[in-house]
Amino acid sequence: MAASAELRDLLAGSPLDVAPRLLGAVVRHGEVAVRLTEVEAYAGADDPGSHAYRSRTPRNEVMFGPAGHLYTYFSYGMHVCANVVTGLPGTASAVLLRAGEIVEGHDVARSRRGSSTERDLARGPARLCQALGITLEHGGVDLLAGPVLLELDEPTAAGAVSTGPRVGLRGAPDRPWRFWITGESTVSAYRPAKRLTPPNQPR
DNA sequence: AGGGTGATTAGG
DNA sequence: CTAATCACCCTC
C-alpha cells in the first residue's frame with residue numbers, strides 16, 4: 001500500500017538519516033514488541049567498521065540487497081544481532097538495532113531472557129534479538145512483510161536524540177554514528193573499543 | 001575483570 | 001589448511 005511504499009523509500013536513504021528516524025519505532029515478532037531506543041549506522045564499503053567494508057561475502061550478502069530487509073549475524077560463538085538494511089541495492093549499508101524497551105509481550109520476552117531485570121530485557125543488540133526471538137533464520141526477511149515487522153512512529157524530535165561513537169569497534173571508532181534517545185534507561189552501557197596494543201606511556 | 005563460544009575471514 | 005578476529009553477554 002501507500003504507507004508501505006513510503007516506508008520503503010524512507011529506508012532506502014542513507015543509514016545516517018535512517019538511524020535516528022528508527023528511534024521510537026517498534027519492532028514486532030509474534031507477541032513481543034520492542035520500542036527502539038538505540039541504534040548504530042553502518043555505511044558499507046566506506047566504513048571500516050562495517051561487515052561489508054572489505055568485500056561482498058556470503059555472510060553480508062543481504063546488506064547488498066534492497067532496503068527494509070533484516071541482516072542477522074552470529075557473533076562471539078553464541079549471540080545473534082540484527083540490522084535493518086538501508087540504502088539502494090549495492091550500497092551495503094545498514095542500521096544495527098542496539099537496544100529497546102519491551103512494550104508488548106513482557107512474559108514471553110522474560111521467559112526467553114532468563115534472569116534479567118526489566119531494563120535489561122532488550123538492552124544490547126544480542127539481548128534485543130533474544131527477547132524478540134530473532135534467530136539466524138530470520139536473516140533476509142522483509143520487515144514490511146513479516147514475520148518480523150517494523151512499525152514506524154512519528155520522528156523523534158532532533159533535540160531528544162543524542163549521538164556518540166559506536167560501541168565495540170576497532171575500525172573507525174571516531175565516527176559518531178551511534179544514536180539514542182536522550183535519557184532512556186534502556187540504552188546499553190558504553191564500552192570503548194578494545195585497543196590492539198596497550199598505550200606505551202600511560203600518563 | 002575475565003572467559004566462553006563458534007562462524008567467518010584472510011592468508012599460506 | 002591454519003590462526004586471528006569478532007557490531008557481545010554473563011559471572012566472578
Side-chain angles (χ1 to χ4, degrees), chain A residues 14-16 18-20 22-23 27 34 36-64 67 69-87 91-102 109-140 143 148 162-180 185-199 202:
Chain A
S14 156
L16 292 177
V18 175
L22 289 182
L23 292 173
V27 177
V34 168
L36 298 176
T37 55
E38 181 187 10
V39 297
E40 281 175 3
Y42 287 87
D46 301 325
D47 180 3
S50 169
H51 285 172
Y53 178 59
R54 292 175 173 276
S55 60
R56 184 167 182 157
T57 67
R59 177 174 67 159
N60 63 32
E61 179 67 28
V62 175
M63 273 200 284
F64 287 84
H69 290 245
L70 198 64
Y71 165 55
T72 55
Y73 67 93
F74 190 63
S75 173
Y76 292 93
M78 54 187 99
H79 302 300
V80 176
C81 301
N83 297 247
V84 177
V85 175
T86 67
T91 59
S93 58
V95 174
L96 171 70
L97 309 180
R98 274 207 66 84
E101 164 199 12
I102 307 288
R110 184 170 290 280
S111 69
R112 287 178 178 144
R113 289 276 304 123
S115 82
S116 165
T117 63
E118 178 68 27
R119 175 196 189 212
D120 283 348
L121 282 176
R123 184 183 189 229
R127 291 166 175 173
L128 183 146
C129 284
Q130 196 182 357
L132 277 170
I134 291 177
T135 68
L136 291 179
E137 295 183 359
H138 296 104
L143 291 167
V148 183
S162 297
T163 66
R166 294 174 292 183
V167 173
L169 290 192
R170 292 179 40 188
D174 49 319
R175 306 193 187 188
W177 288 357
R178 173 173 169 244
F179 301 82
W180 67 93
S185 64
T186 51
V187 172
S188 37
Y190 176 63
R191 183 166 41 81
K194 265 187 194 169
R195 302 186 86 132
L196 192 51
T197 57

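In what follows, chains carry the letters A, B, and so on, assigned in the order in which the sequence lines appear, proteins first and then strands, with residues in each chain numbered from 1. These figures come from a predicted structure and were not determined experimentally.
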Just the dot-bracket of DNA chain B, please: which string comes out with Watson-Crick or G-U pairs under 3.5 Å, [ ] for crossing, | for another strand? ||||.||||||.
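Within a 6.0 Å sphere centred on OH of A/Tyr53, heavy atoms belonging to other residues, nucleotides or ligands number 12 at most. Counting non-hydrogen atoms of neighbouring residues, nucleotides and ligands closer than 6.0 angstrom, the CZ atom of A/Arg54 reaches no more than 12 such neighbours.
For A/Tyr71 and B/dA7, the OH to C1' distance is 11 Å, given to the nearest whole Å. In this structure, CE of A/Met63 is placed 13 Å from C1' of B/dT8, rounded to the nearest angstrom. When rounded to the nearest whole Å, the span between OH of A/Tyr42 and P of C/dA7 equals 7 Å. Rounded to a whole Å, the CZ atom of A/Arg170 is 13 Å from the P atom of C/dA4. Protein atom CG of A/Asp120 is 11 Å distant from nucleotide atom C1' of C/dC10, rounded to whole Å. For the pair A/Tyr53 OH and B/dA10 C1', the computed distance is 15 Å after rounding to whole Å. If you measure from atom CG of A/Leu97 to atom P of C/dC8, you get 13 Å, rounded to the nearest angstrom. Atom-to-atom, CG of A/Leu136 to C1' of B/dG6 comes out at 11 Å; the value is rounded to the nearest Å.
If A/Gly171 and A/Gln130 are placed on DNA chain C by their nearest nucleotide, the residue sitting closer to the 5' end is A/Gly171.
In terms of heavy atoms, A/Ala41 sits closest to A/Ala19 at CB-CB, 4.1 Å. In this structure, A/Arg113 and A/Leu121 approach most closely via the heavy-atom pair NE-O, 3.0 Å. For A/Pro15 against A/Val95, the heavy-atom pair with the smallest separation is O-CG2, 3.9 Å.
A side-chain hydrogen bond (donor to acceptor under 3.5 Å, both in side chains) with A/His51 holds for exactly one of A/Tyr71, A/Tyr73, A/Tyr42; it is A/Tyr71.
In this structure, A/Tyr76 does not pack face-to-face on the six-membered ring of C/dC9, missing the 5.5 Å centre cutoff or the 30° plane limit.
A/Val167 places a side-chain heavy atom less than 4.5 Å from the side chain of A/Arg98.
Within the nucleic acid shown, A/Arg178 has no heavy atom closer than 4.0 Å to any nucleic acid atom. Using a 4.0 Å heavy-atom distance criterion, A/Gly49 is classed as a base contact.
Nearest nucleotide to the side chain of A/His79, out of C/dC9, B/dA7, C/dA7: C/dC9. Relative to the side chain of A/Met78, the nucleotides C/dT5, C/dC8, B/dT5 differ in distance, and B/dT5 lies closest.
Taking side-chain N and O atoms only, A/Thr57 has a distance below 4.0 Å to OP1 or OP2 of B/dT9. The side chain of A/Arg54 contributes no N or O atom lying less than 4.0 Å from OP1 or OP2 of B/dT9. OP1 or OP2 of C/dA7 lies within a sub-4.0 Å distance of a side-chain N or O belonging to A/His51. Close to C/dC10, at under 4.0 Å from its OP1 or OP2, lies a side-chain N or O of A/Arg127. Phosphate proximity of B/dA10 to A/Ser55: present, with a side-chain N or O under 4.0 Å from OP1 or OP2. The phosphate of C/dC8 has neither OP1 nor OP2 within less than 4.0 Å of any side-chain N or O from A/Arg123.
Residue pairs that meet the salt bridge (Lys or Arg N to Asp or Glu O under 4.0 Å) test with at least one member in residues 42-51 of chain A, sequence neighbours left out, are A/Asp47-A/Arg166.
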